[in-house]
Amino acid sequence: MPNRNSIERSANFGYYADILWCCVPLMVMACFYYGPRPLLLMLTGLFTAYVCDCLAAPLHGPNYRPHEPSSEAFAALIVLMMPAAVPYGVVIAAVIMAVLIKETFGGEGHYPFHPAAVGVAVAALSWPGEVFRYPAPGTVLPLWDVPEEALSAGMNAALSGGGLPSDTTMNLFTGAVAGPLGTGAILVILACALFLLVRGHLQLSTLLPYLIVCIAVPWLLPQLNDLPAFSLPWEYMRQRVYLEKYIILGGSMLFGGIFLACEPVTQPARLSSRIIYGLLLGVAATVFRYNTVYETGICFALLIVGAFPEWLDRVARRAERMRFRKKEEKRRANRAKPEAI
């Protein structure tokens, strides 16, 4: 006889648990470069998410018990998109906003916007000086106050200004670049992507269109000061290749596509809708990369494109019904035809 007191796991329990497991190697890399401060930031974010879930539990009714780690997963992603020198209060505020936006729309499985993207976006607009200035990797940071002179802008500041960063390819692969805690170690991110793909959590129908747009637009319309405003795609190949290297391996393009864009609640449910969603997300992310210095512009892109998934699914369902109706009408017309003698 089943135990009435047992907690039934949500449909996306496995996804959020695997996201948390993926955050472990990224956090190890962050501690390797900056010391124990990133770990303390992560513990602060996770504890804040847990407390917020406990405080929000009465809103769901007297018999409600939390049964999914989505808030903790969102908190972990928020910390990984922050600099190692970010104040603890900024992390707490971002996590509170993420849980608040989740609960405002009814809790896990109902929110239209990615809660982690909301938390990062609110923190970025409220404290841009703390969120978009990064310490040099290899610097063991103090646990509390980090000196302002030890911080610098990220790679997107150079890219949006028409220049190229000076980081080597090996540094880009290993994460030895000034940027958010978890978005730089490309080799680790790719390993996490393979893990999520094997586990069935990575929707290529969303990820591939997003990556195609993010890569194709800079190749066709490179924003470089030493190139003319308009040039053919096969001209200035060397400069285009260097630009693509920093776009693909730097910033948060891969991190956002793998950990944010493929979130099961916010992305559309149908194949055709996911393809369009990925294309729109790639366009929005590219616009933010071209026009802002934000390393995590993918979060703002998600807030804009997050208004479309439900509408895309409705259009896809309507199109499927129309195709089915036409097939039925054609089948009935064929049956009504008199048989040839």
Side-chain angles (χ1 to χ4, degrees), residues 12-39 41-43 45-46 69-70 72-84 114 116-117 120 134 137-138 154-156 165 167-212 214-215 244-264 266-267 274 278 281-282 285 295-296 298-299 302:
N12 297 319
F13 181 95
Y15 171 80
Y16 297 120
D18 288 343
I19 288 293
L20 288 172
W21 280 114
C22 287
C23 292
V24 173
L26 293 171
M27 183 52 55
V28 170
M29 294 296 296
C31 292
F32 173 77
Y33 286 120
Y34 301 108
R37 194 175 197 277
L39 179 60
L41 288 170
M42 179 63 74
L43 294 177
L46 294 176
S70 62
E72 288 79 6
F74 299 144
L77 293 176
I78 288 173
V79 173
L80 292 177
M81 288 186 285
M82 293 285 182
H114 197 298
V120 173
Y134 310 95
M155 284 189 295
N156 203 56
D167 301 280
T168 65
T169 304
M170 182 56 66
N171 287 345
L172 292 172
F173 273 112
T174 57
V177 295
L181 283 173
T183 66
I186 300 301
L187 289 177
V188 180
I189 292 175
L190 291 177
C192 292
L194 181 60
F195 170 73
L196 293 175
L197 181 63
V198 171
R199 295 279 291 173
H201 301 314
L202 207 59
Q203 293 289 347
L204 294 181
S205 53
T206 296
L207 180 62
L208 292 181
Y210 161 77
L211 294 179
I212 288 172
C214 289
I215 294 171
E244 291 289 354
K245 178 181 75 170
Y246 290 110
I247 288 175
I248 297 172
L249 303 181
S252 59
M253 188 194 78
L254 281 176
F255 183 93
I258 293 168
F259 292 104
L260 300 179
C262 296
E263 209 272 342
T266 56
Q267 69 174 346
R274 288 197 297 267
L281 185 59
E295 297 290 323
T296 52
I298 178 65
C299 294
L302 280 166

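A quick note: this is a predicted structure, and the numbers were derived from the prediction, not measured.
No more than 12 heavy-atom neighbours from other residues, nucleotides or ligands sit within 6.0 angstrom of CZ on F32.
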Practice task
Take C192 and I258, measure what side chain to side chain contact (heavy atoms under 4.5 Å, CB included) needs, and give me the verdict at the end.
Solution key: CA-CA 9 Å; C192 292; I258 293 168; 5.6 Å; no
Practice task
Check the pair C299, L260 against side chain to side chain contact (heavy atoms under 4.5 Å, CB included), reporting the backbone distance first and the verdict last.
Solution key: CA-CA 8 Å; C299 294; L260 300 179; 4.2 Å; yes
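Residues F255 and I298 are not in side-chain contact: their nearest non-hydrogen atoms beyond the backbone lie 4.5 Å or more apart. Side-chain contact between P25 and M29 is absent, with no heavy-atom pair separated by less than 4.5 Å. Side-chain atoms of T183 and E295, non-hydrogen and from C-beta on, never get closer than 4.5 Å to each other. The shortest distance between side-chain heavy atoms of C262 and H201 does not fall below 4.5 Å. Proximity of I248 to L211: side-chain heavy atoms (C-beta onward) are nowhere separated by under 4.5 Å. Inter-residue side-chain proximity for M81 and S252 is flagged as unmet; no heavy-atom pair is nearer than 4.5 Å. The shortest side-chain heavy-atom distance between L302 and L281 falls under the 4.5 Å cut-off. Using a 4.5 Å heavy-atom cutoff, the side chains of I215 and I247 are not in contact.
Applying the salt bridge (Lys or Arg N to Asp or Glu O under 4.0 Å) test to residues at least two apart or on different chains, the pairs with a partner in residues 191-206 are D18-R199. Applying the salt bridge (Lys or Arg N to Asp or Glu O under 4.0 Å) definition to pairs two or more places apart or across chains, none involves residues 24-33.
Taking every heavy atom of both residues into account, L172 and G250 meet most closely at CD2-CA, 4.4 Å. Taking each heavy atom of T296 and P180 in turn, the nearest pair found is CG2-CG, 4.3 Å. Nearest approach of F13 to P69, heavy atoms of both residues: CD1-CD, 3.5 Å. Of all the heavy atoms in A285 and C214, the pair that sits closest is CB-SG, 4.4 Å. Taking every heavy atom of both residues into account, G182 and L26 meet most closely at O-CD2, 3.6 Å.
The ring pair (Phe, Tyr, Trp, His ring centres under 6.0 Å) test applied to Y34 returns no partner, not counting sequence neighbours. Residues passing the ring pair (Phe, Tyr, Trp, His ring centres under 6.0 Å) test with Y246: none are found, sequence neighbours excluded. Qualifying side-chain contact (heavy atoms from CB on, under 4.5 Å) partners for A76, counting only residues two or more places apart in sequence or in other chains: L20, C23, M42, L46. Considering only residues two or more places apart in sequence or on other chains, F74 meets the ring pair (Phe, Tyr, Trp, His ring centres under 6.0 Å) condition with Y16, Y111, H114.
In terms of modelled atom types and a separation under 3.5 Å, the side chain of E263 and the main chain of T266 share a donor-acceptor contact. With hydrogens and angles disregarded, a donor-acceptor distance shorter than 3.5 Å links the side chain of R37 to the backbone of A84. At least one donor-acceptor pair closer than 3.5 Å links the side chain of T168 to the backbone N or O of N171. Of the possible donor and acceptor atoms, none in the side chain of Y33 sits under 3.5 Å from a partner among the backbone N and O of V177.
Interatomic distance, Q203 CD to L197 CG, rounded to the nearest 0.5 Å: 9.5 Å. Interatomic distance, L249 CG to L254 CG, rounded to the nearest 0.5 Å: 7.0 Å. The distance from atom CD1 of I78 to atom CG of L41, rounded to the nearest 0.5 Å, is 12.5 Å. Note that the CZ atom of R274 and the OG1 atom of T206 stand 5.5 Å from one another [nearest 0.5 Å]. Within the model, atoms OG1 of T169 and NZ of K245 stand 3.5 Å from one another, a figure rounded to the nearest 0.5 Å. Rounding to the nearest 0.5 Å places CZ of F195 at 11.5 Å from CG of L202.
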